> 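Here it is: the structure, laid out below.
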Amino acid sequence: MSTASSAQAYHNNMVGPVMRAGDLALAVIEAARIDNPGKEVFVEDKRAYIRIHTEHEMILRRETIEEELGRPFRMNDLEVDLSSFAGQIESLDGAVRFYFAKKL
Amino acid sequence: MAVLNRMDWYDLARSTNWTPTYVTEDELFPPQLAGAFGLPQNAWEKYDEPYKQTYPEYVKVQRDKDAGAYSVKAALERSRIFENADPGWKSVMKAHYGAIARGEYAAASAEARMMRFSKAPGMRNMSTLGCLDEIRHGQMQLYFPHEHVSKDRQMDWAFKAYDTNDWAMIAARHFFDDIMMTRDAISVSIMLTFSFETGFTNMQFLGLAADAAEAGDHTFANLISSIQTDESRHAQIGGPALKILIENGQKAEAQKRVDIAVWGAWKLFSVLTGPIMDYYTPLEHRKQSFKEFMEEWIVAQFERALTDMGLELPWYWDIFLKDLSETHHGMHLGSYFWRPTVWWNPAAGVTPAERDWLEEKYPGWNDTWGQCWDVIIDNVVDGNMAMAYPETLPYVCNMCQLPILGTPGKGWNVKDYPLEYKGRLYHFGSEVDRWVFEQEPERYAGHLSIVDRFLAGMIQPMNLEGALAYMNIAPGEMGDDAHNYAWAEVYRALRETRKAG
């Protein structure tokens, strides 16, 4: 495989959080499914971290995560386990959005 | 009492610019420190940080993070993870803490420069939190290894390394001095937070955490992935600055800074992260190869983010993609051979099973680096140890300060990239390292590499003993083979079998 094609293979429009493993990550996976209807949620578990991605845009709502966690949750509590993310991020009231400005 | 939603007051609360009347704008924000790029205060007021955080939120979230990291450490402290760990894994920890802990403190002062001198109020807010983050990282990564200092003297290098003239630290300081200690606030945001932290820190703090979790070192995995949650926030400081520069016709200057910082980061990671992922981490605990982690974090995630910001790929991207399969093998070969000059014990990582893995991940490994290892292995098996240690210093690059190397054996491409500047001959390990120098020669021209210092007579006596003293490597700290050459037994047995056959 040439280096160019190996790099090409990784070019995609996947966005979303990379979470530390734990109950918050599990709640985020469920919230990603609920808050992004019609989109397939890709979950890649690397043991220390979990990639949770959708195509092009992902919204995560505070209420949904709170519901899934079963305890009070403020949007900024996401940061406790948000190790990284793919795409750009936007902080909203009661939600966070991951997106790409350009589509490949 | 009703509380306003954060977004109803956030912009107002952090809009802290005013029109100075007692001093000029240049006195309030000296251009050399502010890095205004010819743009006035009001252009920077459009800076809109995408990852918003207020101080009360910060305190609560950080408290939760620390409670998690310290309680895992406390719970596992008596499980003798360190004592029972593979010696290769101990070397991973030693290399990591020494190269990184004190650099985090240095990064706090770089964040503080943005906090005081950036003309963008949003940047000042986010880097106030970023500065506190870096102090946290420095403290934790000194506190966590400290319990091991009494068991293993090399662990002391978590604190000591940054003040020494060890070649690896000269390289690390040269890079961090360039991107964060000697740049204006805006350049720090581009070079440190965007170029270095958005991409590369994921390799060392998440990729390595995946290996740590596989190796059962949950204290370390938990610590470094917790650190990365701070990084993922303050790494976002640079993005909006890039957008403002691009909108105001400064794309070329922004791009140049990204290109310089990404290349330097790559070289540093090729010597630090490459060997520990592909050679030191026990084979059965390797989650992915270094190249696969680089493709995941840098090629897929960072490259995509870079172009989404409106920047171009660095001009050398094809060279970089090719080097992903090559550079770190040479760096490992070099740091293993010169093992007395490092503060950890490099694991050779070349048993037949490990070579099969390397050949699978890097087709052609046996015909290239493998040929050099064959010679080292023969010397070790023959008990010819004098030939398995260095007598001289390697030649190092005047930009990255790391050995000038290429692919050996059947893939031979070793080449020096020289440049004469004001009567002095400089040597570089690649076209890109030389290009970085040429962008601002006066910035780099006065620096002496460790080999330049040796040739200038600054290292006495001029032998390995003198070099070790110069590098502050005390007796009992000098590196040697992590497994005390136990891995050579399998080759000895193979040779006996061949003789018998």
Side-chain angles (χ1 to χ4, degrees), chain A residues 1-25 44-51 53 56-57 62 72-104, chain B residues 5-8 10 49-54 57-58 60-62 64-65 68 198 201-202 205-214 218 221-222 224-226 228-233 235-236 239 287-288 291 295-297 299-301 303-305 307-310 317-318 321-322 324-325 363:
Chain A
M1 189 190 286
S2 76
T3 49
S5 66
S6 126
Q8 290 300 323
Y10 279 88
H11 283 170
N12 57 52
N13 292 308
M14 289 295 170
V15 296
V18 180
M19 305 289 294
R20 283 158 31 103
D23 65 338
L24 182 54
E44 204 181 337
D45 188 345
K46 301 274 174 96
R47 193 154 170 167
Y49 63 91
I50 304 173
R51 283 186 178 274
H53 290 348
H56 201 65
E57 182 181 36
R62 188 198 67 77
F73 177 78
R74 294 196 302 188
M75 202 60 242
N76 268 70
D77 294 338
L78 184 69
E79 188 186 307
V80 174
D81 284 331
L82 181 64
S83 284
S84 185
F85 52 86
Q88 301 199 47
I89 191 171
E90 184 181 9
S91 309
L92 305 164
D93 258 336
V96 62
R97 174 177 169 253
F98 303 94
Y99 69 100
F100 276 128
K102 299 172 186 167
K103 202 162 190 168
L104 286 182
Chain B
N5 278 329
R6 180 182 65 180
M7 300 310 283
D8 294 337
Y10 183 93
E49 61 277 30
Y51 193 143
K52 293 183 169 61
Q53 176 82 296
T54 64
E57 290 167 335
Y58 178 80
K60 178 186 178 295
V61 166
Q62 296 304 99
D64 286 353
K65 290 181 188 176
T198 321
T201 55
N202 286 314
F205 290 89
L206 284 178
L208 192 58
D211 281 349
E214 294 295 326
H218 295 289
N222 195 52
I224 58 180
S225 66
S226 176
Q228 197 59 15
T229 64
D230 298 352
E231 296 286 316
S232 79
R233 171 176 26 77
Q236 294 298 312
K287 189 81 186 167
Q288 295 178 157
K291 183 185 177 189
E295 286 174 336
E296 175 185 348
W297 291 107
V299 182
Q301 187 167 313
E303 182 194 312
R304 187 69 178 80
T307 49
D308 211 51
M309 287 285 162
W317 208 244
D318 288 344
L321 292 177
K322 183 170 176 293
L324 280 185
S325 307

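Every chain is numbered from 1, with letters handed out A, B, ... down the list of sequences. Note that the structure is a prediction, hence the values are computed from the model and not measured. No hydrogens, no waters, no symmetry mates; every other heavy atom, side chains included, goes into these values.
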> Does any heavy atom of chain A fall under 4.5 Å from the side chain of B:Thr54, the backbone, both, or neither of them?
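Contact with chain A is absent: no heavy atom of B:Thr54 under 4.5 Å.
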> Enter the distance from A:Ser91:OG to B:Arg6:CZ here, rounded to the nearest 0.5 Å.
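A:Ser91 OG to B:Arg6 CZ: 5.5 Å, rounded to 0.5 Å.
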> Could you look at B:Glu231 and say if it's the side chain, the backbone, both or neither that has a heavy atom under 4.5 Å from chain A?
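Neither part.
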> If I measure from the heavy atoms of chain B, does A:Leu92 come under 4.5 Å with its side chain, its backbone, both, or neither?
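Backbone only.
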> Say you draw a straight line from CG of A:Asp93 to CG of B:Asn5; how long is it, rounded to the nearest 0.5 Å?
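It comes to 4.0 Å.
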> At a heavy-atom separation under 4.5 Å, does A:Glu79 approach chain B through its side chain, its backbone, both, or neither?
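A:Glu79 touches chain B through backbone and side-chain heavy atoms alike.
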> Using 0.5 Å steps for rounding, measure from the CZ atom of B:Arg304 to the NZ atom of A:Lys102.
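Answer rounded to 0.5 Å: 8.5 Å.
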> Heavy-atom distances under 4.5 Å only: say whether B:Lys287 touches chain A with side chain, backbone, both or neither.
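Interface part for B:Lys287: side chain.
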> Please look at A:Val18 and chain B and tell me whether the side chain, the backbone, both or neither of the residue comes under 4.5 angstrom of a heavy atom of that chain.
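When you check distances to chain B, only side chain atoms of A:Val18 fall under 4.5 Å.
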> Rounded to the nearest 0.5 Å, what's the gap from CG on B:Asp64 to CG on A:Asn76? Could you check?
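One gets 11.5 Å once the value is rounded to the nearest 0.5 Å.
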> Quick one: of B:Ala209, B:Ser226, B:Gly239, who has the most non-hydrogen atom pairs under 4.5 Å with chain A?
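Ranked by contacts with chain A, first place is B:Ser226.
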> Would you confirm whether B:Ser232, through its side chain, and A:Leu82, through its main-chain N or O, come within 3.5 Å as a donor-acceptor pair?
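A pair under 3.5 Å: yes.
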> Nearest 0.5 Å, what's the NZ-CD1 distance between B:Lys52 and A:Ile89?
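It comes to 10.0 Å.
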> Holding to side-chain hydrogen bond (donor to acceptor under 3.5 Å, both in side chains), I want the full list of residues that pass it with A:Arg51, two or more places apart in sequence or in another chain.
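If we apply the side-chain hydrogen bond (donor to acceptor under 3.5 Å, both in side chains) test to A:Arg51, skipping adjacent residues, the hits are A:His53, B:Glu296, B:Gln301.
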> Which of the residues A:Gly87, A:Gly94, A:Ala48, A:Ala21 is involved in the greatest number of heavy-atom pairs with chain B at under 4.5 angstrom?
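When all of A:Gly87, A:Gly94, A:Ala48, A:Ala21 are compared, A:Ala48 has the most.
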> If we only count heavy atoms from C-beta on, is the B:Ser225 to A:Arg20 side-chain gap below 4.5 Å?
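Side-chain contact under 4.5 Å: yes.
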> In terms of heavy-atom proximity below 4.5 Å to chain A, should B:Asp308 be classed as side chain, backbone, both, or neither?
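When you check distances to chain A, atoms from both the backbone and side chain of B:Asp308 fall under 4.5 Å.
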> Please identify each residue that fulfils side-chain hydrogen bond (donor to acceptor under 3.5 Å, both in side chains) with B:Gln236, with sequence neighbours left out.
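Once residues adjacent in sequence are excluded, B:Gln236 has no partner under the side-chain hydrogen bond (donor to acceptor under 3.5 Å, both in side chains) criterion.
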> What I want to find out is whether A:Asp77 reaches B:Lys60 closely enough, with some N-O distance under 4.0 Å, to be called a salt bridge.
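A salt bridge is present here (some side-chain N lies under 4.0 Å from a carboxylate O).
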> Taking side chain as everything from C-beta outward and backbone as N, CA, C, O, which of these in B:Glu49 sits under 4.5 Å from a heavy atom of chain A? Side chain, backbone, both or neither.
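Neither the backbone nor the side chain of B:Glu49 comes within 4.5 Å of chain A.
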> How far does CZ of A:Arg47 sit from CD of B:Glu214, to the nearest 0.5 angstrom?
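These two atoms lie 4.5 Å from each other.
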> Mind checking whether B:Trp297 and A:Phe85 have ring centres under 6.0 Å apart?
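No.
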> Where on B:Asp211 is there a heavy atom nearer than 4.5 Å to chain A: the side chain, the backbone, both, or neither?
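Nothing of B:Asp211, per the 4.5 Å heavy-atom cut-off to chain A.
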> Looking at B:Asp8, B:Val61, B:Leu324, B:Thr229, which one has more heavy-atom pairs under 4.5 Å with chain A than the rest?
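The candidate making the most pairs under 4.5 Å is B:Thr229.
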> What part of A:Arg74 lies closer than 4.5 angstrom to a heavy atom of chain B: side chain, backbone, both or neither?
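The answer is the side chain of A:Arg74.
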